Amino acid sequence: MPKIQKICCVGAGYVGGPTMSVIAQKNPHIQITVVDLNEARIKAWNDKDLTKLPIYEPGLDAVVAEARGRNLFFDTDVDKAIDEADMIFISVNTPTKTYGKGKGMAADLKYIELCARQIARVAKTNKIVVEKSTLPVRTAQAIKRILDQTGNGVEFEILSNPEFLAEGTAIQDLMNPDRVLIGGDQTEKGQKAIQELVDIYGAWVPRERILTTNVWSSELSKLTANAFLAQRVSSINAISELCEVSGADVNEVSRAIGTDSRVGSKFLKASVGFGGSCFQKDILNLVYIAKTYGLDAVADYWEQVIIMNDHQKRRFAEKIVTTLFNTVNDKKIAFLGWAFKKDTNDTRESAAIYVANDLIEEEANIHVYDPKVTEQQMLSDLDYLNTRNSEANQNHLTVHQDPYITLKDAHGIAVLTEWDEFKTYDWQRIYDNMQKPAFVFDGRNILDRKELEKIGFEVYTIGKGE
Ligand SMILES: NC(=O)c1ccc[n+]([C@@H]2O[C@H](COP(=O)([O-])OP(=O)(O)OC[C@H]3O[C@@H](n4cnc5c(N)ncnc54)[C@H](O)[C@@H]3O)[C@@H](O)[C@H]2O)c1
Ligand SMILES: O=c1ccn([C@@H]2O[C@H](COP(=O)(O)OP(=O)(O)O[C@H]3O[C@H](CO)[C@@H](O)[C@H](O)[C@H]3O)[C@@H](O)[C@H]2O)c(=O)[nH]1
């Protein structure tokens with residue numbers, strides 16, 4: 001197989017877009033075309049105004065500005081890009097199934113299969129197909145079976161190259177990854193294909209950080225990595241509840257355990273619950289796979305991570321209701337933040353959605369300010385839960401562009417995302433304009449509790465006992 005000259009990436013989302021932008025920036029000799037069926041998304045990727053890129057990631061605009069039009073292209077012509085490429089990344093979405101067998105647990109692989117069938121139909125020359133999407137262990141086998149049915153002599157090598165970037169720090173993570181993982185067949189052809197991909201990453205990633213494994217280990221490592229990370233958050237969140245009743249402070253506990261080098265200090269921030277498109281989906285997938293193999297104890301073990309997370313979101317909403325004298329009916333509850341974490345406009349599985357939903361069940365009026373999330377997105381997030389009709393959601397949700405207007409006359413303020421700007425607000429002014437007693441529920445432990453209490457607020461922080 002010749003050295004890679006042309007790459008196609010199917011899926012221009014949160015992974016495909018940033019990943020290919022960085023690969024293109026670091027490999028100016030390779031032509032990369034990122035394709036998507038979603039015309040609006042591709043149009044946004046091609047917008048001259050870089051503030052209109054379809055996803056918000058710090059530093060992404062500069063990378064796109066450098067590579068786009070030089071060796072990075074965004075297009076809707078999927079067939080053409082597949083046909084011309086030596087290497088094809090599959091970076092399409094793999095959401096949790098919402099129907100049929102495995103509903104609510106298994107990964108929905110329909111987009112992956114459609115993609116594989118399209119590659120099989122279009123390809124006229126040998127190709128390396130790279131699984132970039134997060135997939136259940138042994139998916140490569142299914143992809144290979146589809147690709148091997150073409151009968152036209154075209155040969156495919158399948159690699160697994162899961163992505164570990166986190167949103168909000170995607171560019172940083174891609175520029176300086178802890179590791180790049182590449183799984184491939186142990187055959188000579190498989191090893192050659194692995195080397196092609198190693199060379200691409202080798203343009204900027206030190207060789208010792210590029211790990212190569214067999215395909216199944218690579219696929220399973222991705223699910224396992226997310227399960228371990230989410231487990232840390234659920235573990236510290238479980239402890240946060242114990243802190244609240246025992247008088248301990250979860251920040252102090254985190255620091256105390258995190259200084260043990262065997263435990264490590266990262267991912268020990270108690271919160272209103274983890275969100276994002278990956279943790280829940282991937283753990284449910286892991287649980288489903290374990291169950292499929294009859295490993296019920298394994299499945300139950302990992303499911304607890306999700307159960308704990310759901311509990312954490314629910315108890316935050318309950319805390320707001322009980323603190324506000326057991327009723328939020330017709331009260332104004334102001335949300336600071338809707339995104340699932342700071343520095344992203346992504347809201348998938350954000351804790352804010354579930355907390356808002358629970359409070360609307362209690363007839364509260366939710367007013368939201370988030371620096372990056374649109375009103376349309378927030379409404380569609382609530383509608384997606386199917387708890388009530390869209391009109392009812394609209395009646396209970398008001399979205400503002402100005403934080404001070406959002407917080408004016410509120411009975412309670414809930415911090416749902418840890419955006420830095422929330423810390424810099426004029427909290428005295430906010431207090432003066434609120435209903436009294438003025439309650440703050442800090443779901444991210446970012447505000448200075450002592451300062452707020454000095455002003456007169458009554459403050460609830462996750463994991464801090466009285
Ligand atoms: N979001 C993250 O931070 C992250 C990080 C690591 C891994 N992952 C994994 O990467 C995968 C993609 O995630 P994402 O967040 O980028 O999803 P996304 O929904 O943002 O993007 C996927 C894109 O694929 C497109 N698509 C689907 N089928 C297609 C087809 N047949 N042809 C052309 N385009 C098609 C969709 O239109 C969509 O724009 C998932 O498996 C996810 O688990 C995500
Ligand atoms: O100590 C912590 C760390 C995170 N979170 C929350 O956990 C969620 C996930 O955060 P994070 O992991 O930083 O963002 P993601 O973009 O979801 O990234 C995860 O999911 C990606 C998709 O698979 C992987 O590639 C990344 O490695 C993995 O970190 C967010 O709601 C965070 O607020 C906490 O509550 N406490």
Side-chain angles (χ1 to χ4, degrees), residues 1-39 41-92 115 119 127-133 159-177 179-182 193-207 209-210:
M1 191 124 14
K3 279 265 166 241
I4 301 301
Q5 290 175 343
K6 286 190 179 176
I7 287 177
C8 156
C9 173
V10 186
Y14 283 86
V15 168
T19 311
M20 291 304 127
S21 299
V22 170
I23 291 182
Q25 189 200 35
K26 301 292 185 184
N27 290 276
H29 56 288
I30 301 179
Q31 183 183 313
I32 302 184
T33 308
V34 190
V35 288
D36 205 295
L37 299 172
N38 183 333
E39 284 179 22
R41 218 167 201 187
I42 291 298
K43 192 161 172 262
W45 277 114
N46 282 321
D47 206 305
K48 281 210 182 73
D49 178 354
L50 290 165
T51 63
K52 301 239 170 74
L53 293 181
I55 66 177
Y56 172 71
E57 273 298 336
L60 174 65
D61 48 357
V63 180
V64 171
E66 185 184 330
R68 196 177 60 185
R70 178 189 72 185
N71 65 324
L72 175 68
F73 303 91
F74 294 92
D75 210 314
T76 48
D77 193 342
V78 184
D79 279 4
K80 180 164 178 275
I82 289 176
D83 180 33
E84 291 178 350
D86 315 303
M87 182 179 270
I88 301 165
F89 283 79
I90 302 183
S91 195
V92 301
C115 208
I119 295 170
K127 309 213 183 277
I128 297 172
V129 175
V130 185
E131 299 175 344
K132 187 51 122 175
S133 299
L159 300 178
S160 161
N161 172 224
E163 184 49 60
F164 295 101
L165 68 80
E167 288 178 27
T169 53
I171 297 302
Q172 214 175 298
D173 296 341
L174 287 164
M175 294 288 188
N176 190 21
R179 73 341 201 154
V180 167
L181 181 59
I182 303 173
I194 290 179
Q195 192 54 46
E196 297 278 6
L197 192 50
V198 167
D199 288 346
I200 290 170
Y201 282 108
W204 80 98
V205 180
R207 182 61 187 86
R209 284 202 225 155
I210 306 177

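In this text the structure is predicted, and so the values were computed from the model without any measurement.
- Applying side-chain contact (heavy atoms from CB on, under 4.5 Å) to Phe89 and the options Ile23, Thr19, Ile32 leaves one that passes, Ile23.
- Ile90 CD1 to Ser133 OG: the interatomic distance, rounded to the nearest 0.5 Å, is 7.0 Å.
- A distance of 10.0 Å separates CG of Asp83 from SG of Cys8, quoted to the nearest 0.5 Å.
- Using a distance-only test at 3.5 Å, with no hydrogens or angles considered, no donor-acceptor pair links the side chain of Arg41 to the main chain of Ala44.
- The closest side-chain heavy-atom distance from Asp77 to Asp79 is below 4.5 Å.
- Under 4.0 Å is where a charged nitrogen must lie from a carboxylate oxygen, and between Lys52 and Asp49 at least one such pair does.
- Test Val130, Asn71, Ile30, Thr33 against Ile7 for side-chain contact (heavy atoms from CB on, under 4.5 Å) and you get one pass: Ile30.
- Remark: Lys132 NZ to Asn161 CG distance equals 3.5 Å, nearest 0.5 Å.
- Of the possible polar contacts, one joining the Asn27 side chain to the Ile200 backbone as a donor-acceptor pair under 3.5 Å is found.
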> side chain to side chain contact (heavy atoms under 4.5 Å, CB included) between Ile128 and Ile4: does it pass, once the steps are laid out?
Replying inline: CA-CA 9 Å; Ile128 297 172; Ile4 301 301; 4.2 Å; yes
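- Here the rule is side-chain contact (heavy atoms from CB on, under 4.5 Å) with Trp45, and of Asn38, Val34, Val64, Asp36 only Val64 fits it.
- Rounding to the nearest 0.5 Å gives a distance of 10.5 Å between CG of Leu181 and CD of Glu163.
- Here the side chains of Pro28 and Arg70 are in contact, with some heavy-atom distance below 4.5 Å.
- Looking at Glu84 and Lys80, a side-chain N of the basic residue comes within less than 4.0 Å of a carboxylate O on the acidic one, giving a salt bridge.
- Atoms CD and CE, from Gln25 and Met20 in turn, are 14.0 Å apart once rounded to the nearest 0.5 Å.
- In this structure, Glu57 contributes its side chain and Gly168 its backbone to a donor-acceptor pair below 3.5 Å.
- When all heavy atoms are compared, the tightest approach of Ile171 to Pro58 is CG1-O, 3.6 Å.
- When the options Val10, Val35, Val15 are evaluated for a side-chain contact (heavy atoms from CB on, under 4.5 Å) with Ser91, the one that passes is Val15.
- With contacts defined as side-chain heavy-atom distances shorter than 4.5 Å, the pair Ile88/Cys9 does not qualify.
- With contacts defined as side-chain heavy-atom distances shorter than 4.5 Å, the pair Lys26/Met175 qualifies.
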> Under the side-chain hydrogen bond (donor to acceptor under 3.5 Å, both in side chains) criterion, do Gln195 and Asp199 qualify, and how do the steps go?
Replying inline: CA-CA 6 Å; Gln195 192 54 46; Asp199 288 346; 2.9 Å; yes
> Going through the distances and angles, do Leu159 and Val129 end up as a side chain to side chain contact (heavy atoms under 4.5 Å, CB included)?
Replying inline: CA-CA 6 Å; Leu159 300 178; Val129 175; over 6 Å; no
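- Taking the side chain as every heavy atom from C-beta outward, Met87 and Glu196 approach each other to under 4.5 Å.
- Counting heavy atoms from C-beta on, the side chains of Tyr14 and Leu165 never come closer than 4.5 Å.
- Minimum interatomic distance between Ile55 and Pro18 (heavy atoms only, all atoms of both residues): CD1-CG, 3.5 Å.
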> Going through the distances and angles, do Thr51 and Tyr56 end up as a side chain to side chain contact (heavy atoms under 4.5 Å, CB included)?
Replying inline: CA-CA 8 Å; Thr51 63; Tyr56 172 71; over 6 Å; no
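- Cation-pi geometry between Arg68 and Phe74 is not met: the NZ or CZ atom fails to fall both under 6.0 Å from the ring centre and inside 45° of the normal.
- A salt bridge does not link Asp86 to Lys3: none of the charged side-chain nitrogens sits closer than 4.0 Å to a carboxylate oxygen.
- The closest side-chain heavy-atom distance from Leu174 to Val63 is not below 4.5 Å.
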> What's the verdict on side chain to side chain contact (heavy atoms under 4.5 Å, CB included) for Arg179 and Ile210, showing C-alpha distance, side-chain angles and the deciding distance?
Replying inline: CA-CA 6 Å; Arg179 73 341 201 154; Ile210 306 177; over 6 Å; no
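- Of the possible donor and acceptor atoms, one in the side chain of Arg209 sits under 3.5 Å from a partner among the backbone N and O of Pro177.
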